[in-house]
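Here's the structure, in structure tokens; my notes come after.
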Amino acid sequence: MPTAVLTDRERSAVQAYLRLLQTVRAAFDGPPEGGRPPVVPTAALDEADRALAAAGLAGNEEELFRLLKGWCPQV
């Protein structure tokens, strides 16, 4: 299996996506307070959006997931 060599921007986008994924998982793992659904912080979403746009991956999920699989296959 070939190893993906990411640019700095691609690496930042993948890392931001992984942080967002971890935040979402943590939100769903915790008990909802007062019957409210879990909320993901806006800052986590904004960081991922900016990183994806900077890497030219906004709206290109197929390429993002290809990079993600090559760099972090356990996700």
Side-chain angles (χ1 to χ4, degrees):
M1 172 193 237
T3 302
V5 178
L6 281 66
T7 66
D8 288 341
R9 289 183 176 178
E10 289 171 339
R11 186 178 308 104
S12 293
V14 168
Q15 290 171 335
Y17 174 80
L18 291 173
R19 282 191 292 278
L20 178 60
L21 182 61
Q22 291 168 346
T23 301
V24 170
R25 285 180 177 163
F28 280 106
D29 285 346
E33 296 177 17
R36 293 180 300 158
V39 177
V40 176
T42 304
L45 295 171
D46 290 343
E47 177 194 18
D49 283 343
R50 284 191 308 273
L52 290 169
L57 296 170
N60 191 350
E61 293 83 5
E62 184 177 331
E63 179 66 9
L64 171 65
F65 291 127
R66 185 189 67 73
L67 292 171
L68 182 64
K69 183 177 178 182
W71 195 61
C72 190
Q74 69 272 20
V75 173

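- Taking a 6.0 Å sphere around CZ of R9, one finds it holds 12 or fewer heavy atoms contributed by other residues, nucleotides or ligands.
- Rounding to the nearest 0.5 angstrom, the gap separating the OG atom in S12 from the CZ atom in R19 is 8.0 Å.
- In this structure R50 satisfies the side chain to side chain donor-acceptor pair (under 3.5 Å) test with no other residue, sequence neighbours excluded.
- Contact between A16 and A48 at its shortest, heavy atoms only, is CB-CA, 3.8 Å.
- Distance check: L52 CG to E63 CD gives 11.5 Å after rounding to the nearest 0.5 Å.
- In this structure, CG in L67 is found 8.0 Å from OG1 in T7, a value given to the nearest 0.5 Å.
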